[in-house]
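This report concerns only the one structure given below.
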Amino acid sequence: MSDVTTSTNRYAGSSIQAIALVVGVVFLLVGIAGFVPGLTTGDLGGAGHGSMAMLLGLFQVSVLHNVVHLLFGVVGLLAARYATGSRMYLVIGGVVYFVLWVYGLFTAGHDFGANFVPLNWADNWLHLVLAVGMVALGVVFPRERHTAVSAG
């Protein structure tokens with residue numbers, strides 16, 4: 001006789017939870033990397049287009065931009081506790097990144113106050129990739145993993 005149980009009651013116990021955990025860790029690493037000299041070059045401003053810091057020589061960052069990545073990472077780690085939270089994190093996070101991509105279409109690379117994050121074109125296209133990827137992961141991966149447990 002076997003019993004079906006779900007692994008969603010364990011931290012990162014299902015595939016969707018594990019994905020949320022990995023995405024959260026990646027965001028944490030990117031947020032930390034934005035503060036590491038050598039990985040980030042140039043003058044790191046607090047916020048706005050005035051920050052001339054470049055992560056990996058490609059992505060424009062600021063203290064605010066790095067803090068947003070760190071917060072997205074922490075939310076991912078917390079969301080990985082539950083399958084529903086993990087799915088919401090990925091889908092809603094993807095929608096947020098889609099909105100950020102649209103915002104970047106008008107502000108990326110421009111030197112005016114509306115570009116407060118700041119964004120350049122590399123950031124902006126990465127945000128589109130993140131938007132599509134996060135939503136796809138949140139929709140495609142199953143919420144639960146069923147495992148057979150023998151009752152004997």
Side-chain angles (χ1 to χ4, degrees), residues 6-8 10-146:
T6 64
S7 58
T8 57
R10 291 184 310 130
Y11 185 76
S14 69
S15 58
I16 193 78
Q17 290 170 273
I19 289 167
L21 176 64
V22 168
V23 170
V25 168
V26 169
F27 274 114
L28 280 175
L29 292 174
V30 168
I32 292 166
F35 291 109
V36 176
L39 294 176
T40 300
T41 57
D43 294 326
L44 185 63
H49 61 83
S51 177
M52 293 295 114
M54 300 294 281
L55 177 61
L56 303 175
L58 188 61
F59 303 103
Q60 189 176 10
V61 293
S62 66
V63 171
L64 175 62
H65 205 149
N66 294 335
V67 167
V68 168
H69 289 144
L70 291 170
L71 290 174
F72 253 87
V74 168
V75 171
L77 297 181
L78 294 173
R81 295 178 63 204
Y82 303 101
T84 303
S86 296
R87 185 174 310 284
M88 287 177 50
Y89 167 71
L90 292 167
V91 172
I92 293 171
V95 169
V96 167
Y97 270 98
F98 181 76
V99 169
L100 198 56
W101 173 72
V102 171
Y103 162 79
L105 290 175
F106 299 99
T107 64
H110 295 290
D111 292 336
F112 56 85
N115 190 8
F116 65 92
V117 175
L119 300 172
N120 64 10
W121 288 107
D123 289 310
N124 202 48
W125 291 108
L126 178 60
H127 292 158
L128 178 61
V129 169
L130 287 170
V132 171
M134 288 176 75
V135 169
L137 289 170
V139 170
V140 169
F141 276 84
R143 183 173 296 159
E144 301 173 344
R145 181 181 68 212
H146 294 283

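Reckoned from all heavy atoms, side chains included, excluding hydrogens, waters and symmetry mates. Everything numeric in this text was worked out from a predicted model, so none of it was measured.
Note that OG1 of Thr84 and CD of Gln17 are 8.5 Å apart. Values are rounded to the nearest 0.5 Å. Atom CG of Leu130 is separated from atom CG of Leu90 by 11.0 Å, given to the nearest 0.5 angstrom. From Tyr82, atom OH reaches atom CE of Met88 across 13.0 Å, with rounding to the nearest 0.5 Å. To the nearest 0.5 Å, the span separating CG on Leu39 from CG on Leu29 amounts to 10.5 Å. Atom OG of residue Ser62 and atom CG of residue Asp43 lie 12.5 Å apart, to the nearest 0.5 angstrom. The distance from the OG1 atom of Thr41 to the CG atom of Leu56 is 9.0 Å, given to the nearest 0.5 Å.
Among all heavy-atom pairs drawn from Ser86 and Ala79, the shortest one is OG-O, 2.9 Å. Taking each heavy atom of Phe59 and Ala122 in turn, the nearest pair found is CE2-O, 3.5 Å. When all heavy atoms of Val61 and Leu44 are compared, the closest pair comes out as O-CD1, 3.9 Å. Closest approach of Val95 to Val135, counting heavy atoms only: N-CG2, 4.1 Å. Shown here for Leu137 and Ile19, the closest heavy-atom pair between the two residues is CD1-CG2, 3.8 Å. Nearest heavy atoms, Phe98 versus Leu128: CD1-CD1, 4.4 Å.
Between Asn124 and Phe106, the closest side-chain pair of non-hydrogen atoms is not below 4.5 Å. In this structure the side chain of Tyr89 reaches within 4.5 angstrom of the side chain of Val23, judged on heavy atoms. Looking at heavy atoms from C-beta onward, Val68 lies out of side-chain contact with Phe27 at the 4.5 angstrom threshold.
More than 12 heavy-atom neighbours from other residues, nucleotides or ligands sit within 6.0 angstrom of CE on Met54.
In this structure, the side chain of Asp123 engages the main chain of Asn120 through a donor-acceptor pair within 3.5 Å. A donor-acceptor pair under 3.5 Å is absent between the side-chain atoms of Thr40 and the main chain of Leu55, judged by distance alone.
Ring geometry for His65 versus His127: interplanar angle of 30 to 60°, hence tilted.
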